[in-house]
Novice: 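My questions will all concern the structure given below.
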Amino acid sequence: MIIRDLRLLATIVAAMVVIDALWSPVILAYAALAPLSFTEQIRPIAESVDTASLVFKLATFVVFASWIYAAGRNLVAADADDLKFTPASRIWWFAVPFANLVMPYHGMRELWNASRNVWPVETNTPIVAIWWSVWLGSGVLAWLLTLMTGTQGGGINGMYALCVIAIVRAVIAIILVRGITEGQRQLGGTELSEVFA
C-alpha cells in the first residue's frame, strides 16, 4: 500500500481554516470601521452572508475530515501497530453524542503520536490536548454567551471574544495538521504519492 503525500491537502485545510477563522472578524471590523457602508452593503444580505458562512464552515469540516481520513490510511499503509482507531472512526466519533466530547481527542492523539513515531500512542501530547480544549471551550463559550444574553454569539463583546478564540483555534489546528503531515513524510520509507492521485 502506498503512503500518500498529504502536503497539498494539508495546505488546503490550513487555508480553509484561516478563512473560516477570519470570516467573522473581517465582518466585525467592517461594521466598526465603516458603519454606514456596512449598513448599506451587508445588512440587506446578512442572511445570505450567514448562510455562506455556514456552508463554508461545513465545507471546511469535510476537507478537514478528508485529511484526517487520508492520514489514518497512511498509518494503515505504514503497518502501524496497536492502533485503536480506523481511519473512518476518527471522523465518525465527532458525530456520536457524549462520546464526541472525548473520543475525537483520543483519535487525534493516536494520529499525532503514530505519525510522529511516538509509542505507546496513548502518550499524552500537549498540542493535541490544547487543540481539543480550545475546540470544546469555544463551543461551550458560544453556548453560554447565547444562553446568558439571549442573542446568538452573546452580543458584540461575546462575538469579539469568539473571534479571538476562533483565530487561536485555527493557529493550533494548523500546527496540528502540519505536525502530523510532516511526521507522515517519514513513515515506513515507502514511496509517497500525491493524495489526489
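Both backbone and side-chain heavy atoms feed into the values below; hydrogens, waters and symmetry mates do not. On a predicted model such as this, the values are computed, not experimentally measured, just so you know. The first residue of the sequence shown is numbered 1, and numbering continues consecutively from there.
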Novice: By ring-ring contact (aromatic ring centres under 6.0 Å, His included), which residues pair with F61, not counting sequence neighbours?
Specialist: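 Partners of F61 by the ring-ring contact (aromatic ring centres under 6.0 Å, His included) criterion, ordered by chain and then number, come out as F94.
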
Novice: Would you find a donor on one side and an acceptor on the other, under 3.5 Å apart, between the side chain of T86 and the backbone of S89?
Specialist: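 At least one qualifying donor-acceptor pair exists.
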
Novice: Does the Q184 side chain pair with the main chain of D5, one donor and one acceptor, at a distance under 3.5 Å?
Specialist: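 Checked: no pair found.
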
Novice: Hey, could you give me the CG/CG distance between N74 and L187, rounded to the nearest 0.5 Å?
Specialist: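 N74 atom CG to L187 atom CG measures 6.5 Å (nearest 0.5 Å).
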
Novice: Establish whether Y69 and V96 are linked, either directly or via other cluster members, by ILVMFWY side-chain heavy-atom contacts under 4.5 Å.
Specialist: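 The answer is no; the residues belong to distinct hydrophobic clusters.
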
Novice: If you define the side chain from C-beta out and look only at heavy atoms, does anything of L176 sit under 4.5 Å from I130?
Specialist: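 Of all side-chain heavy-atom pairs linking I130 with L176, none is under 4.5 Å.
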
Novice: Report the C-alpha separation of L162 and S24 in whole Å, then their side-chain angles, then the decisive distance to 0.1 Å, and conclude whether the side chain to side chain contact (heavy atoms under 4.5 Å, CB included) test is met.
Specialist: CA-CA 9 Å; L162 291 173; S24 292; over 6 Å; no

Novice: Taking N100 for its side chain and A95 for its backbone only, find out whether a donor-acceptor pair lies under 3.5 Å.
Specialist: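 Checked: no pair found.
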
Novice: Check this for me: does any side-chain nitrogen of one of E182 and R7 sit under 4.0 Å from a carboxylate oxygen of the other?
Specialist: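 Judged by the 4.0 Å cut-off on N to carboxylate O distance, E182 and R7 do not form a salt bridge.
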
Novice: For residues V177 and I68: do they belong to one hydrophobic cluster (side chain heavy atoms under 4.5 Å, members Ile, Leu, Val, Met, Phe, Trp, Tyr)?
Specialist: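 Linked within one cluster.
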
Novice: Looking only at heavy atoms, what is the nearest atom pair of A114 and L83, with distance?
Specialist: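 Reported closest heavy-atom pair: CB-CD2, 4.0 Å.
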
Novice: Please test V62 against L58 for side chain to side chain contact (heavy atoms under 4.5 Å, CB included), starting from the C-alpha separation and ending with a verdict.
Specialist: CA-CA 6 Å; V62 168; L58 292 173; 5.6 Å; no

Novice: Return each pair, listed once, that meets side-chain hydrogen bond (donor to acceptor under 3.5 Å, both in side chains) where at least one residue sits in residues 41-61; pairs must be two or more places apart or across chains.
Specialist: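 Output for this query lists D20-K57.
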
Novice: Is it the case that the side chain of Q186 and the backbone of R116 share a donor-acceptor pair, with hydrogens and angles ignored and the cut-off at 3.5 Å?
Specialist: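 No.
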
Novice: With hydrophobic residues grouped by side-chain heavy-atom distances under 4.5 Å, do M103 and V134 end up in a single group?
Specialist: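 Unlinked, M103 and V134 end up in two clusters.
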
Novice: Give a yes or no answer on whether the side chain of W132 reaches the backbone of L101 with a donor-acceptor pair at less than 3.5 Å.
Specialist: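 Judged by distance alone, yes, a pair lies under 3.5 Å.
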
Novice: So how far is it from I174 CD1 to T181 OG1, rounded to the nearest 0.5 Å?
Specialist: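 Spacing of CD1 (I174) from OG1 (T181) equals 11.5 Å.
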
Novice: If every non-hydrogen atom of A21 is compared with every non-hydrogen atom of A170, which pair is closest and at what distance?
Specialist: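 Where A21 meets A170 most closely, the heavy atoms are CB-CB, 3.6 Å.
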
Novice: Shared ILVMFWY cluster between L111 and W92, side chains joined below 4.5 angstrom?
Specialist: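 The answer is no; the residues belong to distinct hydrophobic clusters.
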
Novice: Can you see which heavy atom on L28 is nearest to which on C163, and at what distance?
Specialist: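 Residues L28 and C163, closest heavy atoms: CD1-SG, 3.5 Å.
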
Novice: If you compare all heavy atoms of A173 against all heavy atoms of V17, which two are closest, and at what distance to 0.1 Å?
Specialist: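 Shortest heavy-atom separation between A173 and V17 comes out as CB-CG1, 4.4 Å.
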
Novice: List the residues meeting side-chain hydrogen bond (donor to acceptor under 3.5 Å, both in side chains) with R73, not counting sequence neighbours, and say none if there are none.
Specialist: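 Scan of R73 (side-chain hydrogen bond (donor to acceptor under 3.5 Å, both in side chains), adjacent residues dropped) gives none.
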
Novice: Which of parallel (below 30°), tilted (30 to 60°) and perpendicular (above 60°) describes W23 and F56?
Specialist: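 The rings of W23 and F56 lie parallel, inter-plane angle below 30°.
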
Novice: Measure the CG-CZ distance between L136 and R169 for me, rounded to the nearest 0.5 Å.
Specialist: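 If I round to the nearest 0.5 Å, the distance is 10.5 Å.
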
Novice: Please say which of E110, H106, E122 ends up in a side chain to side chain donor-acceptor pair (under 3.5 Å) with K84.
Specialist: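 Testing each of E110, H106, E122 against K84, the sole residue satisfying side chain to side chain donor-acceptor pair (under 3.5 Å) is E122.
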
Novice: Does T39 use its side chain to pair, donor to acceptor, with the backbone of P35 at less than 3.5 Å?
Specialist: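 Confirmed, T39 side chain pairs with P35 backbone.
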
Novice: Please say which of V121, N124, V118 ends up in a side-chain contact (heavy atoms from CB on, under 4.5 Å) with R109.
Specialist: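 Among V121, N124, V118, the one meeting side-chain contact (heavy atoms from CB on, under 4.5 Å) with R109 is N124.
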
Novice: Please check: side-chain N/O of S37 versus main-chain N/O of A34, any donor-acceptor pairing under 3.5 Å?
Specialist: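 No, because the side chain of S37 does not come within donor-acceptor range (under 3.5 Å) of the backbone of A34.
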
Novice: Within the structure provided, determine whether W143 and L147 are in side-chain contact (heavy-atom separation under 4.5 Å).
Specialist: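 In short, these two side chains touch, coming nearer than 4.5 Å.
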
Novice: Any donor-acceptor pair under 3.5 Å linking the side chain of S115 with the backbone of W112?
Specialist: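 No: the side chain of S115 does not pair with the backbone of W112.
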
Novice: I need the I180 CD1 to W67 CH2 distance, nearest 0.5 Å.
Specialist: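 Reported to 0.5 Å precision, the distance equals 3.5 Å.
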
Novice: Treating Ile, Leu, Val, Met, Phe, Trp and Tyr as nodes and any side-chain heavy-atom pair under 4.5 angstrom as an edge, say whether F85 and W119 lie in one connected cluster.
Specialist: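 Unlinked, F85 and W119 end up in two clusters.
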
Novice: Is the closest side-chain heavy-atom distance between L33 and F38 below 4.5 Å?
Specialist: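 They are not in contact (no side-chain heavy atoms under 4.5 Å apart), so the answer is no.
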
Novice: To the nearest 0.5 Å, what is the distance between CG (L6) and CD1 (I12)?
Specialist: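 It is 11.0 Å, given to the nearest 0.5 Å.
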
Novice: For the atom pair CD1 (I167) and CG (L22), what is the distance rounded to the nearest 0.5 Å?
Specialist: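 Reported value, rounded in 0.5 Å steps: 5.5 Å.
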
